[in-house]
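When a residue number appears, it is its place in the shown sequence, counting from 1.
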Amino acid sequence: MIKRKNLISAEIVADSVHSGSGKRITTFILTLPRIVLAEFNTHRAFSRNSGSSRAIPFKRMKESVKKNLFIPLAFQKHHSGMQGSEYHETGSFRDKLLVFLWWFASKLAILSATLFYKFGATKQLANRILEPFMWHTVVFTATEFEGFFRQRCPDYNLNKTLSKREDLEVRRSWKVFCLPGEENIKMSKKLSLNKSAAEIHISLAAEAIYDALQKSTPKVLFEGEWHIPFEEEIKNNLFEKDTKGNSNLVKVSTALCAMVSFTEVGGKSLFDKINPSKNIVLHDRLIEDEHMSPTEHCAQVSRKLKPGEHSNFKGNWLQYRKIVEKSLYR
């Protein structure tokens with residue numbers, strides 16, 4: 001029997017708030033289907049790095065797809081416009097047939113990509129053939145989530161009354177109606193309540209991000225202190241006598257954010273890639289090659305920001321990228 005896997009998740013790896021302004025900055029590891037990455041990337045308030053079809057070896061990518069095949073969590077019926085609201089019931093004959101057809105298409109894609117690679121084509125093209133069937137890993141950092149939530153969060157329509165038998169306690173969050181106990185109802189029924197115009201998978205990812213933010217308590221930072229993704233995990237791996245302090249923490253963190261490019265879902269996690277000496281060498285090479293996007297996740301509290309130094313962050317957060325660029329281009 002072919003089973004769906006819902007691997008959508010949002011894990012916070014750094015959560016900080018400025019003691020003075022109360023402005024919060026948060027870094028996530030997000031898992032979502034590869035098919036909605038382009039929609040996620042339209043939100044320019046986010047600094048992001050993610051798994052790369054150009055970087056990950058073909059054999060690893062193929063195994064990832066085999067072990068963790070993305071199958072749409074529900075199938076909408078034919079509709080006009082961008083987003084429908086009617087679904088084939090989860091577990092129905094039609095739903096099972098569509099699951100089988102998607103699975104069959106994935107097998108054809110794996111076969112085609114394997115032959116493509118075997119006869120000498122680059123991994124970055126062979127991996128592209130597999131993309132519709134991939135789960136994907138993203139590291140992203142932001143201070144602003146409002147626009148993203150407005151556009152992408154689900155909007156569960158409570159005009160349709162849930163049965164007493166399901167006995168779901170419903171709470172409102174943002175424009176979102178979250179459904180505690182939703183694992184007890186069919187995905188198709190849950191989504192039939194959703195009146196958001198967002199694609200269902202990025203909508204569920206946005207809900208996971210929102211819920212993670214509500215559950216997390218940010219660390220209070222003062223002037224000069226740093227927001228550093230993976231900070232505690234890095235400290236546990238640094239040499240006991242590290243005289244460079246935050247400097248090395250920032251470098252290792254930046255390298256880890258870059259290494260997500262080589263991270264496939266189901267493979268070695270970023271936490272397992274913490275190796276301070278090697279990470280610092282990678283950081284220095286990134287700066288030398290002016291590969292700057294991984295430097296956008298660490299940020300320092302600063303009350304004396306000049307115009308443009310905020311970058312895509314708001315509040316008193318000086319992005320590490322701005323510090324690096326100032327030293328490179330002065």
Salt-bridge criterion met for [X] and [Y] (N-O under 4.0 Å):
X      : Y      : answer
Glu63  : Lys59  : no
Glu144 : Arg24  : no
Arg152 : Glu207 : no
Glu288 : Arg285 : no
Arg48  : Glu296 : no

Co-membership, hydrophobic cluster, residues [X] and [Y], 4.5 Å side-chain:
X      : Y      : answer
Val139 : Phe262 : no
Trp103 : Val65  : yes
Ile2   : Phe104 : yes
Phe100 : Leu69  : yes
Leu30  : Ile56  : yes

Within the 3.5 Å criterion, strictly below it, is a donor on [X] or [Y] matched to an acceptor on the partner's side chain?
X      : Y      : value
Ser64  : Glu264 : no
Ser293 : Asn49  : yes
Ser50  : His136 : yes
His297 : Thr254 : no
Ser106 : Lys66  : no
Gln124 : Ser53  : no
Asp15  : Thr26  : yes

Surrounding CZ of Arg54 (heavy atoms of other residues, nucleotides or ligands, distance under 6.0 Å), is the total greater than 12?
no

More than 12 heavy atoms of other groups within 6.0 Å of Phe271 CZ:
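Counting neighbours around CZ of Phe271, more than 12 heavy atoms of other residues, nucleotides or ligands fall under 6.0 Å, so yes.
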
For a side-chain hydrogen bond (donor to acceptor under 3.5 Å, both in side chains) check, start with the C-alpha distance between Asn68 and Lys5, then their side-chain angles and the critical distance, and finish with the verdict.
CA-CA 7 Å; Asn68 296 294; Lys5 289 184 178 181; 3.2 Å; yes

Does the pair Phe46 and Val138 meet the rule for a side chain to side chain contact (heavy atoms under 4.5 Å, CB included), with working shown?
CA-CA 11 Å; Phe46 296 165; Val138 182; over 6 Å; no

Start with the C-alpha distance between Asp272 and Ser269, add both sets of side-chain angles, then the distance that settles side-chain hydrogen bond (donor to acceptor under 3.5 Å, both in side chains), and finish with yes or no.
CA-CA 5 Å; Asp272 294 328; Ser269 75; 3.2 Å; yes

Check step by step if side chain to side chain contact (heavy atoms under 4.5 Å, CB included) holds for His78 and Glu86.
CA-CA 8 Å; His78 291 305; Glu86 295 185 3; over 6 Å; no

Minimum heavy-atom distance Ile71-Lys3, with the two atoms named:
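Heavy atoms of Ile71 and Lys3 come nearest at CD1-O, 4.1 Å.
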
Take Asn275 and Ser277, measure what side-chain hydrogen bond (donor to acceptor under 3.5 Å, both in side chains) needs, and give me the verdict at the end.
CA-CA 6 Å; Asn275 184 319; Ser277 58; 3.1 Å; yes

Evaluate the criterion side-chain hydrogen bond (donor to acceptor under 3.5 Å, both in side chains) for residue pair Thr27 and Thr141; output intermediate values, then yes/no.
CA-CA 4 Å; Thr27 302; Thr141 303; 2.8 Å; yes

